[in-house]
Amino acid sequence: IHYSSVNLDEFGATSLEDDTVGFSLFAASRLYKNLYLEYGYKDLGEYTADYDFTVGSFRLVESHRADFSKNIYTGLVLKGSFAEMFDGIEHNSGLGKVYLHAGLGALLWSAKLEMSGELYDSGTLLSPYSGTGDDNGLSPYFELGMGYQLNTKLILNLIFSTYFDVGKGINLQRHDGSQEEYSGIDIDTASLGLTYSF
């Protein structure tokens, strides 16, 4: 289970939903000693923002929604206990059961963007407008964390991750036929979960 957050533009915002709770399901294969290949599914959530801008006699009211809930990822993870990495620390000691975790990989994201708005002049509605876009792409990520061995099979993990430029390059198609390219957004997560060793 993880807590995800993004940094949305606060200028003119009347409401922001820039954090959410999601989940991950994953597996890992040992490649060599403490080096693993990890792969899985990650729900990075949905985010919304409403804006109200006034410039002179013009007023713009906009709503934005970004869905990043369907993603798969793979990466290399370096994970090992203090007992494995440092001589003189017993496996059954408190420090010997503590694990360090560092990962680097790629997220294959599937994103959907929606935007709608209304333009007013001196209180008179001039025109509504809207735009949508959805696509897939790759973004890098890294993660750092720690774990604690509960028994011979279970490790409790706390991991912090950042996924870079998720959604970058999506063409937001407007109702008038024009397009705008999405610049992408960084998503930060803090995860708490269990790994089971077969």
Side-chain angles (χ1 to χ4, degrees), residues 1-26 37-76 103-143 159-191:
I1 301 296
H2 58 251
Y3 168 84
S4 303
S5 66
V6 297
N7 185 20
L8 298 178
D9 187 3
E10 296 183 0
F11 178 74
T14 56
S15 70
L16 292 175
E17 294 291 338
D18 56 358
D19 52 35
T20 187
V21 175
F23 71 95
S24 302
L25 296 172
F26 68 93
L37 177 66
E38 188 173 289
Y39 35 88
Y41 174 88
K42 189 172 292 286
D43 173 5
L44 291 176
E46 298 183 19
Y47 306 91
T48 61
D50 296 323
Y51 296 96
D52 194 331
F53 307 96
T54 299
V55 180
S57 63
F58 293 99
R59 180 187 175 205
L60 293 88
V61 180
E62 287 189 358
S63 295
H64 298 252
R65 176 177 172 270
D67 183 351
F68 302 121
S69 60
K70 299 176 182 178
N71 315 277
I72 59 176
Y73 72 97
T74 185
L76 294 174
L104 182 67
L107 178 79
L108 176 60
W109 48 259
S110 175
K112 183 176 182 180
L113 308 177
E114 298 177 356
M115 181 272 291
S116 62
E118 295 177 338
L119 175 62
Y120 297 86
D121 182 10
S122 301
T124 301
L125 176 63
L126 295 181
S127 65
Y129 56 94
S130 62
T132 60
D134 62 87
D135 206 346
N136 303 303
L138 284 173
S139 292
Y141 75 87
F142 79 90
E143 56 188 21
I159 299 172
F160 299 93
S161 309
T162 298
Y163 302 85
F164 297 96
D165 295 329
V166 180
K168 184 176 182 179
I170 292 179
N171 285 321
L172 193 64
Q173 182 77 36
R174 298 185 182 274
H175 78 289
D176 62 0
S178 63
Q179 290 186 349
E180 179 183 348
E181 187 173 287
Y182 185 59
S183 60
I185 196 166
D186 296 345
I187 302 178
D188 298 315
T189 68
S191 307

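Values reported hereafter were calculated over all heavy atoms of this structure, with side chains retained and with hydrogens, waters and symmetry mates removed.
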Discussion item. Show, in sequence, the C-alpha distance, side-chain angles and deciding distance for Asp50 and Thr14, and conclude whether the side chain to side chain donor-acceptor pair (under 3.5 Å) test is met.
Written reply: CA-CA 6 Å; Asp50 296 323; Thr14 56; 4.8 Å; no
Practice prompt. Decide side-chain contact (heavy atoms from CB on, under 4.5 Å) for Tyr41 and Lys70; before the verdict, give the C-alpha distance in whole Å, the side-chain angles of both, and the deciding distance to 0.1 Å.
Written response: CA-CA 8 Å; Tyr41 174 88; Lys70 299 176 182 178; 3.8 Å; yes
Discussion item. Let's go through Asp188 and Ser5 carefully: what are the C-alpha distance in whole Å and the side-chain angles of both, what is the deciding distance for side chain to side chain donor-acceptor pair (under 3.5 Å) to 0.1 Å, and is it a yes or a no?
Written reply: CA-CA 5 Å; Asp188 298 315; Ser5 66; 4.6 Å; no
Practice prompt. For the pair Phe164 and Ile187, evaluate side-chain contact (heavy atoms from CB on, under 4.5 Å) and give the outcome as yes or no after the intermediate values.
Written response: CA-CA 7 Å; Phe164 297 96; Ile187 302 178; over 6 Å; no
Practice prompt. Using the side chain to side chain donor-acceptor pair (under 3.5 Å) rule, take Tyr73 and Glu38 through it: C-alpha gap first, then chi angles, then the decisive distance, then the call.
Written response: CA-CA 8 Å; Tyr73 72 97; Glu38 188 173 289; 3.1 Å; yes
Discussion item. If you apply the rule side-chain contact (heavy atoms from CB on, under 4.5 Å), what do you find for Leu60 with Tyr120, and how did you get there?
Written reply: CA-CA 6 Å; Leu60 293 88; Tyr120 297 86; over 6 Å; no
Worksheet entry | Derivation and outcome, side-chain contact (heavy atoms from CB on, under 4.5 Å), residues Glu181 and Leu172 | CA-CA 6 Å; Glu181 187 173 287; Leu172 193 64; over 6 Å; no
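You'll find the ring centres of Tyr163 and Phe68 outside the 6.0 Å limit. Side-chain rings of His64 and Tyr51 approach one another, their centers coming within less than 6.0 Å.
To the nearest 0.5 angstrom, Thr20 atom OG1 is 9.5 Å from Leu44 atom CG. Remark: Asp43 CG to Asp67 CG distance equals 8.0 Å, nearest 0.5 Å. The distance from the CD1 atom of Ile1 to the CZ atom of Phe23 is 8.0 Å, given to the nearest 0.5 Å. Rounding to the nearest 0.5 Å places CG of Asp134 at 9.5 Å from CD of Glu114. Phe58 CZ to Leu119 CG: the interatomic distance, rounded to the nearest 0.5 Å, is 6.5 Å. With rounding to the nearest 0.5 Å, the separation of CG in Leu107 from OG1 in Thr162 is 12.0 Å.
Looking at every heavy atom in both residues, Ala49 comes nearest to Leu16 through CB-CD2, 3.5 Å. Contact detail for Asp186 and Val6: the closest heavy-atom pair is O-CG1, 3.7 Å. Taking both residues in full, the closest heavy atoms of Tyr182 and Leu113 are given as CG-CD1, 3.5 Å, listed atom of the first, atom of the second, then distance. The two residues Asp165 and Trp109 have their closest heavy-atom pair at O-NE1, 4.3 Å. Scanning all heavy atoms of the two residues, the minimum distance from Ala106 to Tyr141 falls at N-CE2, 3.3 Å. The minimum heavy-atom distance linking Phe53 with Gly12 is given by the pair CE2-CA, 4.0 Å.
A donor-acceptor pair is defined here as one N or O able to donate and one able to accept, closer than 3.5 Å; no such pair exists between the side chain of Thr189 and the backbone of His2. Put simply, the side chain of Asn171 never gets that close to the backbone of Gln173: no donor and acceptor are under 3.5 Å apart.
Summarising the local packing, CD of Glu17 is surrounded by 12 or fewer heavy atoms from other residues, nucleotides or ligands at distances under 6.0 Å.
Two residues are said to be in side-chain contact when any heavy atoms from C-beta on lie closer than 4.5 Å; Thr74 and Leu108 fail this criterion. Between Arg59 and Val61, the closest side-chain pair of non-hydrogen atoms falls below 4.5 Å. Taking the side chain as every heavy atom from C-beta outward, Arg174 and Gln179 never approach each other to under 4.5 Å. Within the 4.5 Å cutoff, the side chain of Lys42 has no heavy atoms near those of the Ile72 side chain. Between Tyr129 and Met115 there is a side-chain heavy-atom pair separated by less than 4.5 Å.
Side chain to side chain, Asp121 and Ser57 meet the donor-acceptor criterion of an N or O pair below 3.5 Å. There is a side-chain donor-acceptor pair under 3.5 Å between Ser110 and Asn136.
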